[in-house]
Amino acid sequence: MTVHTVPTRPIEGQKPGTSGLRKKTPVFMQPHYLENFVQAIWNGTGGASGKTYVLGGDGRYFSDRAAQVILRMAAASGAKKVIVGQNALLSTPAASHLIRLRKADGGIIMSASHNPGGPNEDFGVKYNTANGGPAPEPVTEAIFAASKTLGEYHILDAQDVDLSTPGTTTLGGMEVEVVDPVADYAELMRSIFDFDKIRALFGDGFRIRFDAMHAVTGPYAKAILEGALGAPAGSVVNAVPSPDFGGGHPDPNPIWAKDLMDVMFGADAPDFGAASDGDGDRNMIVGRNCYVTPSDSLAVLAANATLVPAYAKGLKGVARSMPTSRALDRVAESLGLACCETPTGWKFFGNLLDADRATLCGEESAGTGSDHVREKDGLWAVLFWLNVLAERRQSVAEVMADHWAKFGRNYYSRHDYEAVDAGAASELMEALRARLSELPGQTIAGLRIEAADEFAYDDPVDGSRTERQGLRIMTQGGGRIVMRLSGTGTEGATLRVYLERVETDPARMKDDPQAALAPIITAAEEIAGIRARTGRPRPDVIT
Ligand code: VG1
Ligand code: CO
């Protein structure tokens with residue numbers, strides 16, 4: 001088999017964002033686009049020679065062909081071995097686990113996560129390092145730098161590798177091992193949770209509806225929930241991964257998982273509902289007539305962690321991304337745990353997890369995880385909840401009411417303005433940045449502003465500093481407005497406005513979050529002029 005050295009030129013914009021490089025699928029399918037980026041990964045990480053990688057993805061359109069290109073390029077650059085999920089499938093947490101289990105040097109995950117897939121939708125490539133986690137900033141910077149100086153790439157001239165059956169083959173001088181994507185992950189879950197207790201819960205008639213949203217978690221949820229734990233057949237719906245996610249938007253929130261919400265708020269609703277995203281790292285939790293915000297879910301898991309065998313001895317610490325609500329901080333304070341605040345994106349939790357400074361981490365965007373892998377993990381969060389409910393034998397609504405009574409309630413919502421004009425979005429941010437220093441002391445929409453700043457993060461483990469991670473405005477009584485621009489979009493700019501208010505009076509905790517947040521929402525509009533600057537009368541997505 002011949003190694004081709006193909007001359008190429010740097011392609012602009014191959015800068016990984018919050019979570020890998022995401023572009024429209026036709027962009028990724030352009031000549032040399034994928035190849036350039038893969039070569040930049042090798043070049044930016046000291047070469048592929050002699051290395052072992054894990055490869056998989058969420059099965060979205062183009063991943064079958066991309067997997068073959070990546071395999072041929074790994075072989076051409078002298079990699080020793082690639083471990084591939086059958087049919088190129090691996091959820092993001094399963095890939096993270098496999099990298100760690102097999103002590104691989106790294107992994108490539110083909111996914112654009114919750115972004116839709118298909119010929120005209122999104123594709124993505126994410127590189128994970130040997131700890132199983134998303135490449136941290138210095139590594140993504142090195143990959144980006146390599147993409148800017150590329151003059152050629154190497155690819156083997158070979159037929160496609162059969163990825164449909166587990167087993168080992170060779171490609172040039174490289175070993176290719178096709179593995180069952182579910183088995184090792186299922187074993188890991190069994191080692192963390194009390195499967196007997198959860199099985200007993202289902203045995204007593206507890207009903208669950210897990211919506212895999214036509215994405216990668218389907219086979220995992222079927223095997224674990226219906227297989228190992230005995231939930232009735234049909235508990236997992238939309239369980240077959242499809243290249244375009246059934247034409248849907250595999251984002252587990254009340255907007256895109258509306259079917260699930262309707263069932264959970266309808267007559268004869270099951271006891272528990274959950275959904276996961278394209279690549280299986282996000283989770284949505286909903287009880288009967290009770291939606292749990294991701295920030296609250298994180299706080300509840302922290303407060304109940306000792307009910308789970310793997311965390312029975314307590315947590316070493318917790319961490320949340322800055323825009324995530326401070327419900328977690330309240331739990332941490334009462335348990336005497338350190339609570340670290342990081343920029344948005346899972347890559348910032350890696351160092352804390354590796355250094356044993358945090359056991360549990362989470363983001364407001366429906367990502368929760370622990371030190372069992374180095375990614376957020378959707379199905380793990382669902383099993384965590386089930387383990388807690390199996391121990392407490394209460395409804396989700398009762399668990400939430402109890403939690404708020406004990407810790408207070410952080411009303412929380414995120415308003416997204418999607419695909420707005422990039423120039424207008426950056427002007428909005430610039431204008432607000434310029435006004436930050438004059439805001440403290442002012443009263444806007446009846447709320448006194450106590451502090452305002454731009455978030456920067458000093459990593460306590462490696463000392464690196466990450467700046468410009470969101471504008472924060474703190475109001476009287478523990479309220480907060482955060483604004484930042486998304487780093488995962490593929491069209492224009494997405495403005496995210498995060499709104500929070502604290503309520504400690506149990507008598508007032510039944511309010512609808514949007515109503516409870518009304519003064520904060522008004523203040524955000526007055527301060528930033530969102531409507532005028534974006535030309536949007538209202539947010540596109542409210543979660
Ligand atoms: C979003 C979320 C962030 C999450 C990231 C990747 O990023 O806000 O919390 O880590 O997506 O998640 P951004 O930059 O668009 O706000 V996933 O499941 O899409 O890999
Ligand atoms: Co995801």
Side-chain angles (χ1 to χ4, degrees), residues 15-22 56-60 90-96 109-117 121-128 133-137 140 212-213 215-217 241 245 249-253 256 275-284 293-295 298 319-325 341-350 361-369 373-381 412 414-420 425 429 455 466 468-470 482-498 540-541 543:
K15 185 177 168 58
T18 312
S19 178
L21 183 68
R22 292 186 195 180
D58 60 16
R60 69 180 56 224
L90 276 177
S91 75
T92 286
S96 180
I109 301 171
M110 301 171 290
S111 170
S113 193
H114 60 286
N115 298 20
E121 299 295 348
D122 292 355
F123 190 77
V125 170
K126 189 162 72 145
Y127 179 68
N128 282 31
E137 298 259 287
T140 54
M213 303 188 87
V216 79
T217 327
F245 307 115
H249 201 132
D251 193 352
N253 64 40
W256 298 115
S276 193
D277 71 332
D279 61 332
D281 57 359
R282 295 190 181 200
N283 72 88
M284 172 171 134
T293 68
S295 293
L298 173 64
R320 62 163 173 82
S321 67
M322 182 274 284
T324 303
S325 98
E341 186 176 41
T342 59
T344 295
W346 209 261
K347 58 188 164 193
F348 295 101
F349 293 129
C361 306
E363 295 191 278
E364 51 66 41
S365 54
T368 329
V373 288
R374 293 294 180 274
E375 289 276 7
K376 52 191 191 267
D377 190 342
L379 194 48
W380 165 91
Y412 188 82
R414 188 177 94 188
H415 291 191
D416 289 335
Y417 298 80
E418 293 182 338
V420 300
M429 293 294 283
F455 182 60
T466 310
R468 296 167 78 95
Q469 293 301 308
V482 174
M483 291 193 207
R484 59 178 282 280
L485 298 181
S486 156
T488 58
T490 56
E491 222 181 310
T494 291
L495 171 70
R496 303 206 194 283
V497 184
Y498 309 81
D540 298 279
V541 177
T543 51

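Order of listing sets the numbers, starting from 1, for every ligand and every atom in it.
Residue contacts with ligand 1 do not include Gly367, since none of its heavy atoms lies under 4.0 Å from the ligand. The shell of residues lying under 4.0 angstrom from ligand 1, judged by heavy atoms, excludes Lys126. Residue contact annotation: Arg414 has a non-hydrogen atom under 4.0 Å from ligand 1. Using a 4.0 Å heavy-atom cutoff, Lys347 is absent from the residues neighbouring ligand 1.
Not one N or O on the side chain of Arg320 forms a donor-acceptor pair closer than 3.5 Å with the backbone of Ser295. A donor-acceptor distance shorter than 3.5 angstrom exists from the side chain of Arg60 to the backbone of Asp122, with no hydrogens or angles considered. Looking only at distances, a side-chain donor or acceptor of Asp540 sits under 3.5 Å from a matching main-chain atom of Glu418. Side-chain N or O atoms of Ser113 include none that pairs as donor or acceptor with a backbone N or O of Asn115 at under 3.5 Å.
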For Asp279 and Ser91: C-alpha separation, side-chain torsions, deciding distance, then whether side-chain contact (heavy atoms from CB on, under 4.5 Å) applies. CA-CA 5 Å; Asp279 61 332; Ser91 75; 6.0 Å; no
One pair to check against side chain to side chain donor-acceptor pair (under 3.5 Å): Ser96 and Asn128. What are the steps and the verdict? CA-CA 8 Å; Ser96 180; Asn128 282 31; 5.0 Å; no
Passes side-chain contact (heavy atoms from CB on, under 4.5 Å), Glu137 versus Phe348? Steps please. CA-CA 8 Å; Glu137 298 259 287; Phe348 295 101; 3.9 Å; yes
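Computed with the Co ion (ligand 2) at the centre, the Asp279 OD1 to Asp281 OD1 angle is 90°, stated to 10 degrees.
Neither the backbone nor the side chain of Asn115 has a heavy atom within less than 4.0 Å of ligand 1. Only side-chain heavy atoms of Thr344 come within less than 4.0 Å of ligand 1; its backbone N, CA, C and O stay farther off. Residue contacts with ligand 1, taken as heavy atom pairs separated by less than 4.0 Å, involve Ser486 via backbone and side-chain atoms alike. Within the 4.0 Å heavy-atom criterion, the part of Arg496 lying near ligand 1 is the side chain and not the backbone.
The Co ion (ligand 2) has an N, O or S atom of Ser113 inside 2.8 Å of it.
The Co ion (ligand 2) sits nearest to atom OD2 when only the N, O or S atoms of Asp277 are considered.
For Arg282 and Asp251, the salt-bridge test passes: some basic side-chain N is under 4.0 Å from an acidic carboxylate O.
The contact set between ligand 1 and Asp277, taken as ligand atoms under 4.0 Å from a residue heavy atom, comprises 18 (O). Ligand-side atoms of ligand 1 in range of Thr18: 5 (C), 7 (O), 13 (P), 14 (O), range being under 4.0 angstrom from any heavy atom. Of all the atoms in ligand 1, the ones that sit under 4.0 Å from a non-hydrogen atom of Arg22 are 17 (V), 19 (O), 20 (O). Ligand 1 places these atoms under 4.0 Å from at least one heavy atom of Asp281: 18 (O), 20 (O). Those atoms of ligand 1 that come under 4.0 Å of a heavy atom in Gly345, given as number and element, are 10 (O).
Closest to atom 10 (O) of ligand 1 among all protein heavy atoms lies Glu363 OE1, 2.7 Å. Given atom 18 (O) of ligand 1, the protein heavy atom at minimum distance is Ser113 OG, 2.5 Å.
Heavy-atom proximity to atom 12 (O) of ligand 1, evaluated over His114, Arg484, Lys376, is greatest for Lys376.
The CD atom of Glu363 lies 6.0 Å from the OG1 atom of Thr324; values are rounded to the nearest 0.5 Å.
The shortest non-hydrogen separation linking Gly470 to Arg484 is CA-CB, 4.0 Å. The minimum heavy-atom distance between Ser19 and Thr488, with the atom names listed, is N-CG2, 4.4 Å.
Put simply, the side chain of Pro116 does not reach to within 4.5 Å of the side chain of Phe245, judged on heavy atoms.
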